[in-house]
Amino acid sequence: MIKNDTWIHQMAAAGLIQPFEPKLVRQIQLEGFAQPRQVISYGLSSYGYDIRLSPAEFRIFRHIPGTVVDPKNFSPDNLEPTALRTDENGSYFILPAHSYGLGVALERIQVPDNISVICIGKSTYARCGIIANLTPAEAGWRGHLTLEFSNSSSADCRIYANEGVVQLLFFEGEPCAISYETRQGKYQDQPEAVTLAKV
Ligand SMILES: Nc1ccn([C@H]2C[C@H](O)[C@@H](COP(=O)(O)OP(=O)(O)OP(=O)(O)O)O2)c(=O)n1
């Protein structure tokens, strides 16, 4: 069964999502500004939680002529760090047209042993041609999710840091025999930095 806002709120106290925002935030009031700034929503929703993109790092995929990407031997040279920019609308990275980029979640999550998390895109970005890869966070996993985005449009697009970027859905099942923690999964305890493919 999918978990609701009451459950997510209760579990936040036990470390499910940190930092935790108990309502859906659509605008923030900045010191020294008369008007609040509109943000891409983040925080608790009815049956999920919208997490933010960290300003720490965003990397864009680039082709290195003469090479083939090997998931068993991934080269960091294929992912070029891109600068965080800031203007009156907020801080953002630019994901060029028809390209692929990796960022990291601002929040740290800690998945209980009887829960599976599905990470899906936000409609606001989907409407701009940005596709967030649909990925799981497994029972017993902890850390900052590495987030993958493709820009399927022919225009460059901003991806805002410190604002909502993907949403998490939480599903409860019978307790599993072996969690991500007990199997010592290789992506356990990811820091707030892009974690590359490993074998
Ligand atoms: N966008 C995502 C999706 C997942 N994860 C983390 C949480 C997952 O619990 C863990 C492993 O995800 P997968 O099971 O999809 O990865 P693999 O099957 O490739 O790796 P493993 O062999 O560790 O299961 O990686 C992540 O950081 N960013």
Side-chain angles (χ1 to χ4, degrees), residues 2-3 8 11-12 14-20 40 42-43 45 47-61 68-76 78-79 81-82 93 95 99-126 129-152 157 159-199:
I2 189 165
K3 306 306 290 183
I8 296 167
M11 292 303 289
L16 179 71
I17 302 167
Q18 292 171 314
F20 180 74
I40 297 176
Y42 62 89
S45 62
Y47 287 94
Y49 190 92
D50 293 24
I51 55 173
R52 289 175 277 173
L53 180 69
S54 167
E57 191 180 20
F58 198 87
R59 291 171 168 245
I60 311 287
F61 222 90
V68 171
V69 171
D70 182 357
K72 290 189 176 182
N73 188 18
F74 190 85
S75 166
N78 281 114
L79 281 173
T82 188
F93 301 101
L95 184 56
S99 68
Y100 193 67
L102 299 190
V104 61
L106 184 150
E107 293 83 359
R108 182 177 190 275
I109 69 166
Q110 193 168 323
V111 186
D113 282 352
N114 60 339
I115 297 287
S116 278
V117 181
I118 305 284
C119 174
I120 61 171
K122 277 174 76 66
S123 172
T124 301
Y125 276 118
I130 302 297
I131 300 172
N133 212 352
L134 180 73
T135 46
E138 292 166 85
W141 182 82
R142 302 181 297 265
H144 293 260
L145 286 165
T146 292
L147 306 172
E148 305 92 6
F149 304 95
S150 54
N151 183 350
S152 59
C157 185
I159 313 280
Y160 281 97
N162 304 308
E163 302 188 22
V165 74
V166 292
Q167 46 194 322
L168 305 181
L169 307 179
F170 301 85
F171 295 90
E172 184 173 4
E174 298 296 319
C176 57
I178 300 174
S179 72
Y180 202 79
E181 167 70 0
T182 47
R183 96 165 79 98
Q184 298 191 307
K186 58 187 184 273
Y187 297 114
Q188 188 64 293
D189 284 316
Q190 280 181 173
E192 194 175 346
V194 170
T195 302
L196 305 186
K198 298 178 189 175
V199 275

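Starting from 1, each residue takes its place in the sequence as its number. Counting starts at 1 for both ligands and their atoms, following the listed order.
Atoms of ligand 1 lying under 4.0 Å from at least one heavy atom of Ala137, given by number and element, are 7 (C), 8 (C), 9 (O). Shown in contact with Glu148 at under 4.0 Å from a heavy atom are these atoms of ligand 1, numbered in order with element: 1 (N).
For atom 8 (C) of ligand 1, the closest non-hydrogen atom on the protein side is Pro136 O, 3.5 Å. When only non-hydrogen protein atoms are considered, atom 5 (N) of ligand 1 lies nearest to Leu145 CD2, 3.6 Å. Looking only at heavy atoms of the protein, atom 24 (O) of ligand 1 is closest to Glu138 OE2, 3.5 Å. Here the protein heavy atom with the shortest distance to atom 25 (O) of ligand 1 is Tyr187 CB, 3.7 Å.
Ligand 1 does not have Gln188 within reach: every non-hydrogen atom of the residue lies 4.0 Å or more from it. Not a single heavy atom of Cys119 lies less than 4.0 angstrom from ligand 1.
Within a 4.0 Å radius of atom 18 (O) of ligand 1, the protein contributes no heavy atom.
Other residues, nucleotides and ligands contribute more than 12 heavy atoms inside 6.0 Å of the NZ atom of Lys198.
In this structure, Phe149 and Phe58 have parallel ring planes: the angle between them is below the 30° cut-off, well short of the 60° mark.
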Evaluate side chain to side chain donor-acceptor pair (under 3.5 Å) for Glu107 paired with Gln18, printing each intermediate quantity in order.
CA-CA 5 Å; Glu107 293 83 359; Gln18 292 171 314; over 6 Å; no
Taking it one step at a time, do Phe20 and Tyr49 satisfy ring pair (Phe, Tyr, Trp, His ring centres under 6.0 Å)?
CA-CA 9 Å; Phe20 180 74; Tyr49 190 92; 5.3 Å; yes
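Checked against a 3.5 angstrom limit, the closest N/O atoms of Tyr180 and ligand 1 fall inside it. The shortest N or O to N or O distance between Thr146 and ligand 1 is below 3.5 Å.
The minimum heavy-atom distance between Ile17 and Ile8, with the atom names listed, is CD1-CG2, 4.1 Å. Residues Leu102 and Val194 share a closest heavy-atom pair of O-CG2, 3.5 Å.
Taking the charged nitrogens against the carboxylate oxygens, Glu138 and Arg183 do have a contact shorter than 4.0 Å, which makes a salt bridge. Note on Arg108 versus Glu192: no salt bridge recorded, every NZ/NE/NH1/NH2 to OD/OE distance being 4.0 Å or above.
By heavy-atom distance, the residue among Gln190, Lys186, Gln184 lying nearest atom 22 (O) of ligand 1 is Lys186.
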